[in-house]
Amino acid sequence: MGHPSATVSEADTGLREAGAEAVDLARDLIRRDSTNHGGGDGDERGVAEFAAEALSTGGHVPQVLESAPRRANTVLRIPGTDPAAPALLVHGHLDVVPAAAEDWTVPPFSGEIDDCPVTGEPALWGRGAVDMKNTVAQIIAVVRYWARYGLRPRRDVVIALVADEEDSARYGADFLVREHPELFEGCTVGIGEGGGETIHATTVSGRPVRLYPVGAAERGSAWLDLRAEGTAGHGSRPPGDNAVTSLAEAISRIDRHEWPLHLTPVTHSAIDAIARALEVERSPGDTDTYAAVAELVERFGRAAPLIGPTVRNSAAPTMLSAGYKVNVVPGEALGGVDGRVLPGAEEQFTRAMDELTGERVSWDFAHHSPPVSAPVHSPAFSAMREALVQSDPEAYVVPVCLAGGTDAKVFARLGIDCYGFSPLLQSADMDYTSLLHGVDERVPLEGLRFGVRALDTFLRS
């Protein structure tokens with residue numbers, strides 16, 4: 001398999017080559033449109049087949065598994081050198097959210113390389129450049145590097161590149177976990193999107209600091225269907241139990257609701273770690289109330305978004321539907337709410353929704369995935385920290401709870417401790433979060449090369 005006796009210098013050269021290959025792979029992935037429009041309307045087959053072909057090196061035989069026509073997933077297990085070691089899951093998604101070409105500077109599926117207008121650095125542009133074909137390309141590049149140089153991981157590595165993460169996971173991770181759990185036999189730790197990128201911040205004294213968050217928890221997704229029933233009738237003689245009014249009042253209560261503070265162990269650790277890194281002075285009781293936490297987190301500056309959305313549950317009204325003619329009072333009104341639930345706060349969320357919707361409005365889950373959490377003080381987290389520090393000696397690695405969700409919630413059902421670890425170096429001027437699902441999504445080329453180095457270090461640890 002490749003160069004079984006490759007020297008250290010040869011392997012270093014190969015790793016640099018892998019970084020360049022990751023750029024080419026990411027371009028090819030972006031150029032294969034895998035837009036997920038939701039509701040079952042998606043097509044990952046082409047990109048899944050490309051990934052499988054790219055992984056078919058050094059004797060590897062990936063599987064392409066369809067959950068429905070054109071909804072495809074690519075899975076590969078790479079044997080480790082220690083059969084007794086627990087296996088590691090590496091998951092990423094192949095689908096992307098829609099992109100309106102008229103809003104973009106470049107065609108969103110062109111995979112163009114051009115300078116970033118903000119940083120001036122060479123960057124790869126296109127839908128999925130950040131979320132998350134960049135990481136998929138890095139994973140494939142590392143596997144191909146191993147094959148060329150006869151390298152093997154210590155433990156089995158299971159790579160799952162899946163469909164439908166940008167909707168319900170029904171055709172991707174959920175399908176694999178339900179129908180093919182044997183593929184993940186022995187996996188105790190998993191990594192995916194949601195951490196490992198550079199966050200540039202400043203200490204109280206003005207010294208720049210490079211933070212690298214690693215996702216150790218996620219808020220659960222609670223997408224809700226609301227339904228109000230009333231008496232249908234003529235608009236000139238409105239009934240007293242108008243469904244539209246009942247729904248509007250419930251939606252208004254949900255929108256105004258002040259959710260109570262709920263700090264998870266991971267968020268406590270995150271606050272402590274970021275405060276130390278930024279030299280922020282602490283005071284007694286600064287995590288006792290929501291107001292106190294908000295004041296403390298505001299002092300974190302550019303690092304504040306790592307904490308702010310994850311100190312309490314949330315529920316955002318997002319959809320309304322009622323009626324078919326302006327002079328007809330409908331007998332039914334429907335609404336949608338995007339709820340996000342912290343670990344340990346599920347009962348609080350359910351109780352609040354019962355109270356907020358009231359007697360006239362019913363609610364149910366349109367999609368429900370529970371929150372997850374993984375240990376911060378673990379060999380896996382330490383290995384991720386070491387991989388980042390080895391790639392950036394000034395890295396300050398901090399655990400975080402993710403505000404949104406990933407496929408980690410699905411794979412966690414198999415008893416796997418899942419972390420957000422998709423390394424990406426970015427400059428101080430780049431706003432990573434604004435590019436997620438945004439217009440002109442792009443990733444610095446050096447960021448891709450950095451990710452290859454960090455992933456290789458961790459995956460062979």
Side-chain angles (χ1 to χ4, degrees), residues 36-42 44 67-68 71 73 89-97 131-132 160-181 183-184 187 189-195 215-226 254 259 262 264-267 309-310 312-319 336-354 363-374 400-422 436-437:
N36 187 344
H37 296 279
D41 182 6
E44 296 89 358
S67 53
R71 309 308 301 270
N73 306 271
L89 168 65
V90 182
H91 63 93
H93 63 87
L94 299 170
D95 60 327
V96 297
V97 297
D131 187 14
M132 66 171 299
L161 307 177
V162 304
D164 204 31
E165 191 275 343
E166 295 291 6
D167 191 28
S168 67
R170 175 184 176 187
Y171 298 100
D174 184 69
F175 162 74
L176 293 177
V177 168
R178 281 186 291 105
E179 302 294 332
H180 299 281
L183 295 173
F184 310 102
C187 290
V189 170
I191 62 167
E193 64 180 329
E218 292 185 7
R219 294 200 299 178
S221 299
W223 298 350
L224 311 181
D225 286 332
L226 274 59
I254 292 169
W259 293 90
H262 181 86
T264 67
V266 170
T267 300
T310 62
R312 56 182 180 176
N313 292 338
S314 67
T318 54
M319 299 176 68
V337 171
D338 182 351
R340 303 292 169 146
V341 187
L342 285 162
E346 292 174 283
E347 183 180 345
Q348 175 202 104
F349 182 86
T350 300
R351 187 170 59 251
M353 292 310 303
D354 286 340
W363 70 272
D364 200 357
F365 291 109
H367 170 68
H368 180 220
S369 54
V372 295
S373 186
V400 294
C401 176
L402 303 184
T406 75
D407 282 329
K409 288 193 282 290
V410 180
F411 289 114
R413 289 175 2 214
L414 297 175
I416 300 172
D417 287 332
C418 292
Y419 297 88
F421 183 71
S422 47
L436 292 167
H437 296 188

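Note that the structure is a prediction, hence the values are computed from the model and not measured.
Taking all atoms of both residues into account, the shortest heavy-atom contact from Lys409 to Gly405 is NZ-CA, 2.9 Å. When all heavy atoms of Ser314 and Phe349 are compared, the closest pair comes out as O-CE1, 3.7 Å. The two residues Thr310 and Leu402 have their closest heavy-atom pair at CG2-C, 3.9 Å. Residues Asp407 and Glu165 approach most closely at OD2-CG, 3.2 Å, considering heavy atoms. Minimum heavy-atom separation, Val410 to Ala169: CG2-CB, 4.1 Å. Here the closest heavy-atom approach between residue Val266 and residue Ala217 is recorded as CG2-CB, 3.9 Å.
Contact check for Asn73 versus Leu161: no side-chain heavy atoms found under the 4.5 Å cut-off. The shortest side-chain heavy-atom distance between Val337 and Ile254 falls under the 4.5 Å cut-off. At a threshold of 4.5 Å between non-hydrogen side-chain atoms, the residues His368 and Ser221 do not count as touching. Looking at heavy atoms from C-beta onward, Pro371 lies out of side-chain contact with Leu342 at the 4.5 angstrom threshold. Within the 4.5 Å cutoff, the side chain of Phe175 has heavy atoms near those of the His180 side chain. Contact of the Asn313 side chain with the His262 side chain is not registered, since no non-hydrogen atoms from C-beta on lie closer than 4.5 Å.
Rounding to the nearest 0.5 angstrom, the gap separating the OH atom in Tyr171 from the CG atom in Leu176 is 14.0 Å. Taking CG of Leu414 as the start and CG of Leu89 as the end, the distance is 8.5 Å to the nearest 0.5 Å. For the atom pair Thr318 OG1 and Leu224 CG, the distance stands at 9.0 Å (nearest 0.5 Å). The CG atom of Asp417 lies 12.0 Å from the SG atom of Cys187; values are rounded to the nearest 0.5 Å. In this structure, the separation between CH2 on Trp259 and CZ on Arg312 is 10.0 Å, given to the nearest 0.5 Å. Taking SG of Cys418 as the start and CD1 of Ile191 as the end, the distance is 10.0 Å to the nearest 0.5 Å.
Arg219 contributes no side-chain N or O that, together with a main-chain N or O of Gly339, makes up a donor-acceptor pair within less than 3.5 Å. Checking side-chain atoms of Asp364 against main-chain N and O of Leu226 turns up no donor-acceptor pair under 3.5 Å. With hydrogens and angles ignored, the 3.5 Å screen pairs no side-chain donor or acceptor of Glu218 with any backbone N or O of Ser373. Put simply, the side chain of Asp174 never gets that close to the backbone of Phe411: no donor and acceptor are under 3.5 Å apart. With hydrogens and angles disregarded, no donor-acceptor distance shorter than 3.5 Å links the side chain of Ser422 to the backbone of Glu193. In terms of modelled atom types and a separation under 3.5 Å, the side chain of Asp167 and the main chain of Gly38 share no donor-acceptor contact. Checking side-chain atoms of Thr350 against main-chain N and O of Glu346 turns up a donor-acceptor pair under 3.5 Å.
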Could you go through the side chain to side chain contact (heavy atoms under 4.5 Å, CB included) check for Asp164 and Asn36 one step at a time?
CA-CA 7 Å; Asp164 204 31; Asn36 187 344; 2.9 Å; yes
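One finds a salt bridge joining Arg340 and Asp338 here, because a Lys/Arg side-chain nitrogen approaches an Asp/Glu carboxylate oxygen to under 4.0 Å.
At most 12 heavy atoms of other shown residues, nucleotides or ligands fall within 6.0 angstrom of atom CZ in Arg170.
Using a 3.5 Å distance cut-off with no hydrogens or angles, the side chains of Glu166 and His437 do pair a donor with an acceptor.
Classified by interplanar angle (parallel below 30°, tilted 30° to 60°, perpendicular above 60°), the ring pair Phe365/Trp363 is perpendicular.
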